[in-house]
Amino acid sequence: MDANKRQRYEKISMELTRLSGGKENIQGVAHCATRLRIVLKDNDLADLKAMEEVDLAKGVFVAGDQVQIIFGAGLVNDVYEVFAEYNNMKNMSLSDLKTVANKKMNPLQRMIKALSDVFVDIMPGILAAALLTGLSGVLGNFEFVKANDTLFGINRLINISSGAIFGFLPLAVAYSACKRFGGRPILGIVIGCIMLSNSLADAYAAAQGTVEVTTLRIFGLGVELVGFQGGIIVALLMGFVTAKLDLFFEKKVPEVIRLLVSPLLTTLVGALLLFTLIGPAGRGLSSGITNALVWMTQNLGVVGYAVFSGLQQLVVITGLHHIFGAIEAQLLADTGRNFINPLMSVAIIAQGGAVLAYLVLHRKNVKVRELCIPSFISVLFGITEPALFGINLRYRFPIIGGCIGGALGGVIVYLTNLAALGFGTTVVPGIALADPAGNGYMNYILAHMVAIAGGFIMTLVLGKFMDQPAVSGNGTEASAAGASADGRVSADTGFAEGTSAGMASDTPVLDPTEVPQQEVFYGYARGRQIPLEQVKDETFANKVLGDGAAVIPETGKVYAPVDGTVLSIFDTKHAICLASSCGTEILIHIGVDTVNLKGKFFEAHVKDGDAVKKGQLLISFDKVQIEKAGYDTSIPMIFTDLADDRRLEVSASGSMDMDRAAAVVHKTGH
């Protein structure tokens, strides 16, 4: 690094330190491919707006508990080196920074984040089940469906499919929780299978007393052989315990017998804990929550109704909401009216209002739209798991707004003496169950309008104070503002600023007047080309870095799509920045979140400053092992800083190879 650049970066470091609240407010610093990431003791002491004006910075965001300043690929390495040295925090890895960020959270925040992480991976299954359940419920109300054998059969299969997914939800939760806390996911699946074994009495049937339960005596304790259907809390606890047992035995068991003995001990000890300690404790916790809510509605009047409908959706998180069916049935048998059904219904629609509010707050985010819209549709049919686990609980403040909206709806239920004449359906289909006495149908609609409006408005209000810009919800290392090596091409050197000024190259950048009318970028990996919008990362999909192409690779090799120069290769070898011979800069990024692998499974075949030819091997990687580790291996190619007189045309989706054009850059002439 020459003296002039170092002096410039030192000035940047001093300014960022001051705007961060001083050295004493900085807890940790690291960097990824394009961003400088800082964890502060108190984010309120930082002037984020002023940081955006710092020399060379392209944007500032708060993601999770990290302040992220976008500098761009290559440049961020140099800025980090000087900034970390200035603050005496060199050699801190991205993993170390996340550890610091997690320590900054209080126990409740860590618990909520962990819960959110567990459900992120299984959201597609929950969404599928919710929408199938809603579809089955609607079709089942039509007489022509019941009368037609084929339609009736199809609807029956839809119902079976949705029921199966929800029926095995504890297994999915145990799997995801075990993976989240560092264990081998297959052992989470094994524990989930034990929880739902058909050798155990069905939990719902046991709760209603319609099945005989066998009791064993183990260490003097009575162990009931009852399954854990709907036991989400138990599944979460068991996923955590299984992961910790797996890590413990993998460390303690001698290597020569580890493959056989370690999983055996993990499963055996986990199963014993499930039936003797964790299972009963989890059931007790869930039942206590449920019984307390029912007691409040029966003894505290309007306050009880409001608290029940405000907190009922938190019971859904435990999986114990199914037990309300037995309580509703008893209410109908005793009184002929069921007040719990409309309370649950307004609680559900209020969470839908919170989803709509979050969608409004992030309406420009494609990924948010893709998640919010189907989640809201499922809410209309009484299914809130996608909304709860995918959005409201994940982002914290929407769940609060939804609970407040539910409480407001509960007040209307109490004041209008609203009740149902049955149970089993809610929200839109649930209107058919409303007691028509005393304008029951109108009161049903009124209560739901109040609830959804309350959830919507309260979430908007809370979002003003609690929301954070969703730049990259999964912490990917891609920048959030069209970043290149530093975003500009130096007019006098021909190289992107932030690269070595004296870099040798056999492929000089052309003078702008010599740029051809079009520049072709060929296939850079064998596989299937897809639109950039289909990459499972919001930064790439939203084209925050810039437009481009993407490929789902068949092999673990990345080639140069054009003649040019290597601007920089990230230390973890998962991303490479190139400049074509015409000066067009691109970023090729292998996989999503693969920075977390810290270079494992990647091998670079070129280095910074190398001249490369079209079709030359740049990076090889072990595609199978990366996918086994749980990472998406899609490879975006991003055009990070096209000039105003350049226009990008991306080729249609289809098979990609080295001789097929992936994209073409046209000179527009203005």
Side-chain angles (χ1 to χ4, degrees), residues 33-34 58 72-75 479 481-525 529 532 540 543 545-551 558-570 575-589 605-619 635-652 656-670:
T34 54
K58 300 176 183 65
L75 175 61
S479 91
S484 59
D486 86 332
R488 295 179 294 276
V489 175
S490 171
D492 47 12
T493 65
F495 292 105
E497 291 176 27
T499 60
S500 300
M503 182 189 302
S505 173
D506 295 329
T507 313
V509 177
L510 297 178
D511 182 272
T513 59
E514 301 175 7
V515 174
Q517 288 298 316
Q518 68 176 28
E519 185 180 12
V520 180
F521 290 77
Y522 291 89
Y524 53 94
Q529 184 169 340
L532 192 61
F540 293 128
K543 302 181 181 179
L545 275 168
D547 203 352
V551 62
V558 172
Y559 303 90
V562 69
D563 294 350
T565 303
V566 177
L567 295 178
S568 65
I569 298 180
F570 196 53
I576 183 170
C577 297
L578 304 172
S580 74
S581 56
C582 297
T584 303
E585 297 180 10
I586 59 171
L587 166 68
I588 299 178
H589 193 287
H605 299 278
V606 292
K607 63 183 183 298
D608 292 0
D610 280 359
V612 295
K613 296 294 184 181
K614 168 187 164 298
Q616 181 176 338
L617 180 62
L618 302 176
I619 298 174
I635 309 175
M637 177 176 67
I638 310 297
F639 291 77
T640 55
D641 194 36
L642 280 179
D644 292 338
D645 63 344
R646 303 287 188 273
R647 176 177 60 84
L648 178 65
E649 179 184 348
V650 179
S651 301
M656 177 184 281
D657 58 38
M658 305 310 103
D659 297 320
R660 180 179 183 268
V664 179
V665 174
H666 298 276
K667 185 176 181 180
T668 60
H670 55 79

Inset, instruction - Any chance you could measure M637, atom CE, to F521, atom CZ, to the nearest 0.5 Å? - result: 7.0 Å
Legend entry - Spacing of CG belonging to L587 relative to CG belonging to L567, to within rounding of 0.5 Å: 10.5 Å
Legend entry - Closest heavy-atom pair and its distance - A549, Y524: O-OH, 3.7 Å
Inset, instruction - Mind checking the CD1-CD1 spacing from I588 to I638? Nearest 0.5 Å is all I need. - result: 10.0 Å
Inset, instruction - Could you give me the CA-CA distance, side-chain angles and deciding distance for D563 and V612, then say whether side chain to side chain contact (heavy atoms under 4.5 Å, CB included) is met? - result: CA-CA 6 Å; D563 294 350; V612 295; over 6 Å; no
Inset, instruction - Look up atom CZ in R647 and atom CD in Q518, then write down how far apart they are to the nearest 0.5 Å. - result: 9.5 Å
Inset, instruction - Please report the closest heavy-atom contact between G548 and V650, naming both atoms and the distance. - result: O-CG2, 3.5 Å
Inset, instruction - Check whether any side-chain heavy atom of I586 lies under 4.5 Å from a side-chain heavy atom of S580, and answer yes or no. - result: no
Inset, instruction - Taking only Lys NZ, Arg NE, NH1 and NH2, and the carboxylate oxygens of Asp or Glu, determine whether K607 and D610 approach each other closer than 4.0 Å. - result: yes
Inset, instruction - Specify the closest pair of heavy atoms between G609 and T565, including all atoms of both residues, with the distance to one decimal. - result: O-CG2, 4.0 Å
Legend entry - Check: K614 and V562 side chains under 4.5 Å, non-hydrogen atoms: no
Inset, instruction - Might you point out which heavy atoms bring H589 and A575 nearest each other, and give the distance in Å? - result: CD2-CB, 4.0 Å
Inset, instruction - For the pair Q529 (side chain) and A662 (backbone), establish whether a donor and an acceptor sit closer than 3.5 Å, ignoring hydrogens and angles. - result: yes
Legend entry - Nearest atoms (heavy-atom pairs only) where S651 meets A661: OG-O, 2.6 Å
Legend entry - Side-chain touch V606/I576, heavy atoms, less than 4.5 angstrom: yes
Inset, instruction - Output yes when a side-chain donor or acceptor of D608 lies under 3.5 Å from a complementary backbone atom of I569, and no otherwise. - result: yes
